[in-house]
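Notes follow once the structure below has been shown.
The first residue in the sequence is number 1, and the count goes up from there. One-based numbering, in listed order, for ligands and for the atoms of each.
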Amino acid sequence: MPLPLIIDCDPGVDDAIALLMALASPEFDLLGITTVAGNVPLALTAKNARKICQLAGRTEIDIYAGCPRPLLRPLVTAEQVHGSSGLEGADLPEPTVPLRSPHAVSFLIEQLTTAQQPITLAALGPLTNIAVALIQQPQILQNLQELVIMGGAIAQGNVTASAEFNFYVDPHAARVVFESGAKLTLISLDVTHQALTTPERLANIRAIGSPVSKAAADLLAYYGVTDAVKYGLPGAPLHDPCVIAYLLQPNLFTAEAAAVVIETQSELTLGRSVVNFQPVGAANARVMRTIRSAGFYQLLIERLERYVS
Ligand code: BDR
Ligand code: CA
């Protein structure tokens, strides 16, 4: 039975690669894609999700736009990583697939309220849409199988020393989610910085030779520069596709239970994920510790090879 899945995202290059991976995976029954403001403003994240579905030839997938800004703070974007369009590096045509109504939050609530089977949610951007859905209709938890989140840092952040981008952009939404009681799985920077797109891996993606792999390689070549230079790494961390890899092959990862709390008070450490592996009370998340990166790239390439030349 394919896994009923909704992907909430802010494409963004690594979101786009995650979508391409998911769209090539029959293990999922992809019920819809929701977008949120994050890497670029909402109008662009919604447009970019449509571009990627079109590139993948999956024009039947329903795409919904959600919240245009975080709960309390002004929107912070990441054009320095993803370019002004959010998908810099590849020249993708304007999408003709429509954006669906209603609002992404209404879609999430409607799906999670009426689902015959529990739904898994992949969260690849700031958690605004998901927090608003949980506030508006807390009963949706009953049908939420698992919420797999890319966000946070146990060690160093990537926006500030303390905070990772998705949690920094909307720390209050992250706090709502981590206090919700949902079954949470967290994939933080500590794992995604083990999943580097080295020049050799990038060449392997390009060598597939299809229009999809060319677009993916062009996007990753642009995206690779900022983070690799910033951290002195041999390639850029490929954050969001780790969530899809976890859903397909959880044995690529090791995990530990932890109590995760999000800092919302201090300007200095705003958006920090405080991860306690020896909680006094109950743990509220499974936190990934390691990924087998060779296996991860093998899986990614195998999925990208499914798109015909
Ligand atoms: C996260 O921030 C975004 O720029 C990426 O798409 C990813 O979701 C990594 O910190
Ligand atoms: Ca993202």
Side-chain angles (χ1 to χ4, degrees), residues 6-22 33-42 44-49 51-52 63 65-67 70 75-89 104 121-130 147-171 173-174 177 185-197 216 219-220 222-228 230-231 233 235-246 262 270-273 275 288 291:
I6 298 173
I7 301 178
D8 186 70
C9 57
D10 62 335
V13 170
D14 59 325
D15 301 76
I17 305 297
L19 289 175
L20 288 173
M21 209 173 164
I33 296 170
T34 54
T35 79
V36 67
N39 285 320
V40 283
L42 181 70
L44 287 174
T45 61
K47 186 200 254 193
N48 291 343
K51 282 185 176 177
I52 294 300
I63 302 166
C67 296
L75 177 65
V76 175
T77 51
E79 282 88 357
Q80 73 282 8
V81 179
H82 304 268
S84 57
S85 69
L87 290 182
E88 219 61 39
L121 207 47
L124 312 182
L127 290 164
T128 322
N129 287 341
I130 296 169
L147 172 51
V148 186
I149 299 169
M150 191 282 125
I154 303 165
Q156 179 100 2
N158 60 357
V159 178
T160 66
S162 297
E164 177 279 334
F165 180 80
N166 290 335
F167 290 4
Y168 180 79
V169 172
D170 200 338
V177 167
T185 298
L186 182 65
I187 300 181
S188 72
L189 291 182
D190 310 83
V191 165
T192 65
H193 279 231
Q194 298 168 36
L196 304 177
T197 311
L219 289 167
L220 288 169
Y222 177 91
Y223 163 89
V225 179
T226 328
D227 268 7
K230 180 171 162 189
Y231 294 100
L233 294 169
L238 196 48
H239 310 285
D240 295 337
C242 290
V243 170
I244 306 303
Y246 164 80
I262 311 300
L270 193 69
R272 174 77 182 163
S273 46
V275 180
M288 297 300 128
I291 179 171

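Taking backbone and side-chain atoms together, L124 has an N/O/S atom less than 3.0 Å away from the Ca ion (ligand 2). Among the atoms of D15, an N, O or S atom is found under 3.0 Å from the Ca ion (ligand 2).
Within D10, the N, O or S atom lying nearest to the Ca ion (ligand 2) carries the name OD1. The atom of D240 that is an N, O or S and sits closest to the Ca ion (ligand 2) is OD2.
Residues N39 and G12 share a closest heavy-atom pair of ND2-CA, 3.5 Å. Across all non-hydrogen atoms, the minimal contact from V191 to M288 is CG2-O, 3.3 Å. Closest heavy-atom contact between A236 and Y223: CB-CE2, 3.9 Å. Heavy atoms only, all atoms of each residue included: I149 and V243 are closest at C-CG2, 4.2 Å. Here the closest non-hydrogen pair linking G66 and A104 is CA-CB, 3.4 Å. Considering every non-hydrogen atom in both A46 and A65, the closest pair reads CB-CB, 4.1 Å.
For the pair D14/V81, no side-chain contact is recorded, criterion being any heavy-atom separation below 4.5 Å from C-beta on. Counting only heavy atoms from C-beta outward, the side chains of L19 and C9 approach each other to under 4.5 Å.
Of the protein's non-hydrogen atoms, N39 OD1, 3.1 Å is the one closest to atom 3 (C) of ligand 1. Residue, atom and distance of the protein heavy atom nearest to atom 8 (O) of ligand 1 are D240 OD1, 2.7 Å. Nearest to atom 1 (C) of ligand 1 among the protein's heavy atoms is E164 OE2, 3.3 Å.
Annotation for ligand 1: atoms under 4.0 Å from non-hydrogen atoms of N166 are 1 (C), 2 (O), 7 (C), 8 (O). Residue contact check: N158 has heavy atoms under 4.0 Å from atoms 9 (C), 10 (O) of ligand 1. Near D14, the atoms of ligand 1 lying under 4.0 angstrom from a non-hydrogen atom of the residue are 5 (C), 6 (O), 7 (C), 8 (O). Each of the following atoms of ligand 1 lies closer than 4.0 Å to a heavy atom of F165: 2 (O), 3 (C), 4 (O), 10 (O). Here is the list of ligand 1 atoms found below 4.0 Å of a heavy atom in M150: 1 (C), 7 (C), 8 (O), 9 (C).
Look at V81 and you'll find every heavy atom at least 4.0 Å from all atoms of ligand 1.
Considering backbone and side-chain atoms together, L124 places an N or O closer than 3.5 Å to an N or O of ligand 1.
No side-chain N or O of D10 forms a donor-acceptor pair with one of T45 less than 3.5 Å apart.
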